[in-house]
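Within every chain, numbering begins at 1; the chains are lettered A, B, ... in the order of the sequence lines, protein sequences first and strands thereafter.
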2 protein chains.
Amino acid sequence: MEMVLEKQVKALSERTLRRLPRYIEILKRMKSEKIEFVSSNMIADELGLDSIQVRKDLAATGVIGKPKLGFAIDELIAGIKHTLNWDNQTDAFLVGAGSLGSAILGYKTFSDHGLNIIAAFENEPSKVGEIINHITVLPIEKLSDMAYRMKVHIGVITVPAGEAQKVADMMIEGGIKAIWNFAPVHLKVPDFVIVENAQLSHSLGVLTHKLAESLK
Amino acid sequence: MEMVLEKQVKALSERTLRRLPRYIEILKRMKSEKIEFVSSNMIADELGLDSIQVRKDLAATGVIGKPKLGFAIDELIAGIKHTLNWDNQTDAFLVGAGSLGSAILGYKTFSDHGLNIIAAFENEPSKVGEIINHITVLPIEKLSDMAYRMKVHIGVITVPAGEAQKVADMMIEGGIKAIWNFAPVHLKVPDFVIVENAQLSHSLGVLTHKLAESLK
DNA sequence: CACCTATCGATAATTTTTTATCGATATAAA
DNA sequence: TTTATATCGATAAAAAATTATCGATAGGTG
């Protein structure tokens, strides 16, 4: 009889992945209210979801619940964080210290989300040398080399549309494996590079469409 | 025989809605390259999608293509914009003139996306009176009244988590019908209010998870 | 002009995601 | 100690989304 050596990790759909941070969000609040066990129903009610869906999502994290009680909240938070790889930080470079870039550099909470931005880069000479939230802005020319030497794996792109592809190419040259792209451009990258798009316009489109529908 | 008075609008899934802005993005670039007709295959190739899916998405906008040629690019852009209601601007208020809020106020391109932010509000007295990208920061107390009097229908929330629900309540009191929420909180709102969440952490979770998977 | 072909758009098949059902079980109450 | 029940988690059903198939047609080609 074979031993199952590693915990069976079920495939995680992208939709499940997007719900997990929402679970963390309300679980943290519940924890602050001294709640120790939480049922799939409580979570579902809180977020307006279906409890079966919540159970399925949580099953994907490997955390198991107890009949009649639900899930131990600490264990659950830890499990979700582990699934998202938010329980250890990955170093990242950010390129584009404009207003959005600066805003992102200012977020201290990203360290809770597995991201540790250690340097920022800019094209614009006037911005080079600035220090934003303890992070120095360096000239873009240094990007590839530094990424390579420091084994940085995540790149955040907050430059204008026209420059984004060039920046992505530099990142890939420096060995970056995952790009968080805020520029409103579809990046062309090799298969082994992960791109996660975070364009605001995508979510804005849903809003403006639904609003127009609801008003007519 | 009955006349079909209004163009038959098929139901638009949220997933289709999220792809439409991406189509606009590359269509605009193609247009600048003097391309006049574009096929579903060209779009699909460009974005790494399936051409059938592209055709289905475009069908939902009501734009019709020509066999052998594809879609007239101008007509297509206009049709998608119309579907998203990006062909006319809706006034909006933004609350929370922190770094992210300021960044959003700075985006001039939102006017291309149907959004016209006409005022910003803040809790923090030191920020009140500031002018960011021609938009004055007003005291939060004025929010509900002004929204009501000016018939503003969209609210953008860029305050810290702890204040977001309170701000949402004020917005709803002022008659706001759609909320674009950047605060990492699940907002509780009546059924008739549309909430579109734009939390960065959701997309970051997908990235960190996939990166961890790919590295092991 | 007649044929060939790229493309559309409608319908069908497949896959994925969501929702439903139900037996098992841990805790609390009788 | 026995019983009742809330909840889990597995399996099944239903719904939604994606992908495949194919006839129709506009426009180019010989």
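Within a heavy-atom distance below 4.0 Å of DNA chain D, the residues of residues 23-42 of chain A found are A:Ser39, A:Ser40. Remark: B:Ile64, B:Gly65, B:Lys66, B:Pro67, B:Lys68, B:Gly70, B:Phe71 in residues 64-84 of chain B come within less than 4.0 Å of DNA chain C through at least one heavy atom.
By the side-chain hydrogen bond (donor to acceptor under 3.5 Å, both in side chains) test, A:Lys31 is found to be paired with A:Asp74, residues two or more places apart in sequence or in another chain being considered. Residues forming a salt bridge (charged side-chain N to carboxylate O under 4.0 Å, His left out) with A:Arg29 (at least two apart in sequence, or on another chain): A:Glu33, A:Glu46. Every residue was checked against the side-chain hydrogen bond (donor to acceptor under 3.5 Å, both in side chains) condition with A:Asp45, not counting sequence neighbours, and none meets it. A search for side chain to side chain contact (heavy atoms under 4.5 Å, CB included) contacts involving B:Met42 returns B:Met30, B:Ile35, B:Val38, B:Ser39, not counting sequence neighbours. Taking B:Asp91 as the reference, B:Asn116 meet the side-chain hydrogen bond (donor to acceptor under 3.5 Å, both in side chains) condition, with sequence neighbours excluded. Partners of A:Glu14 by salt bridge (charged side-chain N to carboxylate O under 4.0 Å, His left out), not counting sequence neighbours, listed by chain and number: A:Arg18, B:Lys210.
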Quick test: give all pairs of protein nitrogen or oxygen and nucleotides 15-19 of chain C nitrogen or oxygen below 3.5 Å, distance rounded to 0.1 Å.
from   : atom 1 : to      : atom 2 : distance (Å)
C:dT17 : O3'    : A:Arg15 : NH1    : 3.4
C:dT18 : OP1    : A:Arg19 : NH1    : 3.1
C:dT18 : OP1    : A:Gln53 : NE2    : 3.4
C:dT18 : OP2    : A:Arg19 : NH2    : 3.0
C:dT18 : OP2    : A:Gln53 : NE2    : 3.3
C:dT18 : O5'    : A:Gln53 : NE2    : 3.2

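Protein atom CG of B:Asp45 is 14 Å distant from nucleotide atom P of C:dA6, rounded to whole Å. Straight-line distance from the CZ atom of B:Arg18 to the C1' atom of D:dA17: 15 Å, rounded to whole Å. Protein atom CZ of A:Arg55 is 14 Å distant from nucleotide atom P of D:dT11, rounded to whole Å.
Under the ring pair (Phe, Tyr, Trp, His ring centres under 6.0 Å) criterion, the residue pairs touching residues 150-180 of chain A are A:Phe110-A:Trp180, A:Trp180-A:Phe182, with sequence neighbours excluded. Residue pairs meeting the ring pair (Phe, Tyr, Trp, His ring centres under 6.0 Å) criterion with at least one partner in residues 68-88 of chain B, sequence neighbours excluded, are B:Trp86-B:His113.
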Return a table of donor-acceptor pairs under 3.5 angstrom between the side chains of residues 157-165 of chain A and protein atoms on other chains or two or more places apart.
from     : atom 1 : to       : atom 2 : distance (Å)
A:Thr158 : OG1    : A:Val95  : O      : 3.1
A:Thr158 : OG1    : A:Gly96  : O      : 2.6
A:Gln165 : OE1    : A:Lys188 : N      : 2.9
A:Gln165 : NE2    : A:Asp169 : OD1    : 2.9
A:Gln165 : NE2    : A:Lys188 : O      : 3.0

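At a threshold of 4.0 Å, the pair A:Lys28-A:Glu25 does not count as salt-bridged, since none of the basic side-chain nitrogens sits closer than that to a carboxylate oxygen.
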